[in-house]
Amino acid sequence: MVNTGSLPGRNLLEGPRSVILGLLLVGCIATGTVTASPPQSGTAANGLSANETATLWSGDADRYITQEEYFQQYGTERSTPAQVANGTDITFKRPPATAETWTRNDFTDLNAGGTQTSVYPAHADLESGTYIKDAHATVFAVQPSTRGHLDLDTTPLYIAPKGEMRGFIDYRIRVPDGDSSGSRTVNWALIGHSIQETRLIVDGDTMSKTSGSHSPVLPYQFGGARSERLTLEADITTRLRKTTRVDRGNYTDVYVDFPTETRTVSDSIDVEIYDPSATVSYAEYPNGDRGVAIFHSRPWQGYTLTENGEATVRGVWRFYTARDARWDHIVTADRSGRTESESPALPVYVHAYPSDIGPRAEPERDGPILTGTWGDERNSPADSMDEDINVEVVTESYTPTDGVAVRANTLDREALRVGGIVRGVQASLIEPPAGYERDLRESNLSIGVLTQNDTHATLQVSLRDNKTSEAIALNTDDRLSPFGGDLGRGYITVDDQQLVTNESGVALLTVDSPGFYTATYQPGSWLTHNPAYVGTTATTRWHPLSTFDSWVGIVLNAGWQLIPFAVMFYAGHRLLRMFWPSEFFN
């Protein structure tokens, strides 16, 4: 897996423009991947450079071959992005435009069959009547959109409030064979056939429609975020002429009928209208830094803090692009049977996934500082993703970044932009009421030895408002953010132990190891606390020798230890005086 920065543009990287899908999608029908094909000319018609095209194919087999092997097989060089993509998948910080560009252009390569031939993807829902056979209307793509991989069972397709549905419609006409029996002869002829109307239906109502096209592009527009089922529906009609001749000997009776048939075919797709509105809150730190917290209950990409876009924050979501493998092959059906072949057109979608890279603030030096993230815990979606998707998806349960709070030394409220996980969609901001900005206060934390003996000491930690000297009590219940998620209460840590102060702003801790002890105040989120504070630290040192009683004890203990030596010294001295002349000691 390779990570890229921003959206790739048409000049993401320079390189030869002859690299195509066949260079990247290697495999076989059994594995659901497209069979490799040699380079062909004209691939730039897909609206992307070769290097951009190389980034599209997460989900391919990633069976890497060297440059030498590649040249021997295809007779041409490949660009560096194509070489990298041959062995891994490329991911993005923001939803790229390449998937939609490719899909829009590649769609034009999808052609219907003739009157007696129907072309359809293998997953199409076929309808057949008396004369109309193998008819279908199949959704090719809905874009702009992003498939979200939220957990094992939740993979909604988020679509922009305004976009387009592309569909593919085809059928074949069965004209009965003529027959002759005795004096009666029947002949059949096709008079005409058409796709009368194609509709995009939402909740029983027609949102847009067109006629006569095998490859309709139907626009849509929604207001508000909600779940919907989009239905592509088409009416196919045909008219035949049946001529019956009866030989009466001297004359012939001729009967002409015009049988008609209409079939309505459809395909539906469930989507989530992605029209986010994010709640924003502000705070000011004592040193003038600004705090900003943004919350939205659906996945969102991140936000910018300045007009030049240099100060940015992003959540846990990252992106890759992959084809809809159901379109890898198409079926061509006629009266004699069916044949399967590689599809000339592949829809490509953006996918969002929770990354173990986690939330980030940029620039990393002198940029915003993440102060909190929150959301309801979810299971990893890793096991539900295709085994050929090679990205740094989380493998354990994770917390979606529904809310992200930062501290920054620069904030331009007018420039604040919240980017969604669907390309081109930004969240509308719900600003706090006027004057609601929270002012954070400085805290005063102290720690010292309250009582002590030879083996233990009781440390007293005191936490107060630095300006008013009022006690800061932390012995309250955990608080829930008004935006959702548990933002926790404040607490103090000393020697890896977590303390909370009482109503007097005091907490006690008994220790038995000499050394330095540092108390650190971790305040609760300013979103849920009023007044709110910034953290601080304080340090003290304890050792048994620091008390008078300890020193007395040491002296007494040493005295007891020295008594035997003193007795031995005195006894020896007396013995020497007995055996040696007294002048020896003078």
Side-chain angles (χ1 to χ4, degrees), residues 280-295 305 311 313 358-361 364-375 399 401 403-411 436-450 459-483 485-509 511 515-542:
V280 58
S281 299
Y282 301 104
E284 183 171 353
Y285 287 82
N287 69 343
D289 283 356
R290 312 305 297 272
V292 59
I294 294 180
F295 172 82
L305 300 172
V313 182
R360 289 287 185 273
E364 294 185 4
R365 306 176 97 183
D366 302 324
I369 300 172
L370 283 170
T371 58
T373 62
W374 65 95
T399 299
T401 44
V404 180
V406 297
R407 176 177 180 172
N409 54 26
T410 302
L411 171 63
Y436 186 76
E437 179 173 316
R438 185 68 51 80
D439 289 324
L440 277 73
R441 303 182 185 180
E442 290 183 340
S443 56
N444 187 308
L445 180 67
S446 62
I447 181 173
V449 178
L450 180 64
L459 306 182
Q460 177 176 284
V461 181
S462 178
L463 182 64
R464 296 186 174 277
D465 186 301
N466 193 57
K467 183 176 181 181
T468 66
S469 297
E470 293 180 357
I472 301 176
L474 302 178
N475 57 345
T476 56
D477 295 332
D478 290 349
R479 307 185 186 188
L480 295 179
S481 163
F483 314 122
D486 179 9
L487 296 184
R489 62 185 178 184
Y491 59 90
I492 296 170
T493 58
V494 179
D495 195 25
D496 296 328
Q497 297 189 58
Q498 193 173 114
L499 309 175
V500 293
T501 57
N502 58 21
E503 295 298 330
S504 300
V506 173
L508 302 178
L509 175 66
V511 297
F516 287 93
Y517 288 89
T518 299
T520 302
Y521 171 39
Q522 302 285 354
S525 172
W526 51 265
L527 289 167
T528 54
H529 291 74
N530 190 16
Y533 295 91
V534 294
T536 187
T537 61
T539 302
T540 191
R541 181 178 183 273
W542 171 72

Exercise. Are any non-hydrogen side-chain atoms of V461 and L509 less than 4.5 angstrom apart?
Worked result: no
For this session: Taking salt bridge (Lys or Arg N to Asp or Glu O under 4.0 Å) as the test, write out the residues that go with R290, two or more places apart.
Result: E437
Seminar exercise, completed: Taken in chain and number order and not counting sequence neighbours, the residues that satisfy side chain to side chain contact (heavy atoms under 4.5 Å, CB included) with R441 are D465, P531, Y533
For this session: Could I get the full list of side chain to side chain contact (heavy atoms under 4.5 Å, CB included) partners for S446, not counting sequence neighbours?
Result: S462
Exercise. By side-chain hydrogen bond (donor to acceptor under 3.5 Å, both in side chains), which residues pair with S504, not counting sequence neighbours?
Worked result: none
Exercise. Is there side-chain contact between L440 and P286, with heavy atoms separated by less than 4.5 Å?
Worked result: yes
Exercise. Do any N or O atoms from the side chain of R438 and from the backbone of H529 form a donor-acceptor pair under 3.5 angstrom?
Worked result: yes
Exercise. Do S281 and W526 touch side chain to side chain, with heavy atoms closer than 4.5 Å?
Worked result: yes
For this session: Just jot down the side-chain hydrogen bond (donor to acceptor under 3.5 Å, both in side chains) partners of Y517, sequence neighbours excluded, or say none.
Result: none
Exercise. Of T501, T537, I472, which meets side-chain contact (heavy atoms from CB on, under 4.5 Å) against Y521?
Worked result: I472
Exercise. What are the two closest non-hydrogen atoms of W374 and T399, and how far apart are they?
Worked result: C-CG2, 3.9 Å
Would you tabulate the side-chain donor-acceptor contacts of residues 403-411 under 3.5 Å, counting partners in other chains and residues two or more places apart, or write 'none'?
residue	atom	partner	partner atom	Å
R407	NE	D289	OD2	3.0
R407	NH2	N287	OD1	3.3

Problem set entry | Nearest atoms (heavy-atom pairs only) where L370 meets P359 | CD1-O, 3.7 Å
Problem set entry | Inter-residue atom distance I294.CD1 - Y282.OH, 0.5 Å rounding | 7.0 Å
Exercise. If you round to the nearest 0.5 Å, how far is OG1 of T540 from CG of L459?
Worked result: 7.0 Å
For this session: Identify, with sequence neighbours excluded, every residue that meets side chain to side chain contact (heavy atoms under 4.5 Å, CB included) alongside D439.
Result: E284
For this session: Starting at CG of L474, measure out to CD of E503 and round the result to the nearest 0.5 Å.
Result: 10.0 Å
Seminar exercise, completed: Contacts of N466 meeting side-chain hydrogen bond (donor to acceptor under 3.5 Å, both in side chains) (sequence neighbours excluded), chain-then-number -> E442, N444
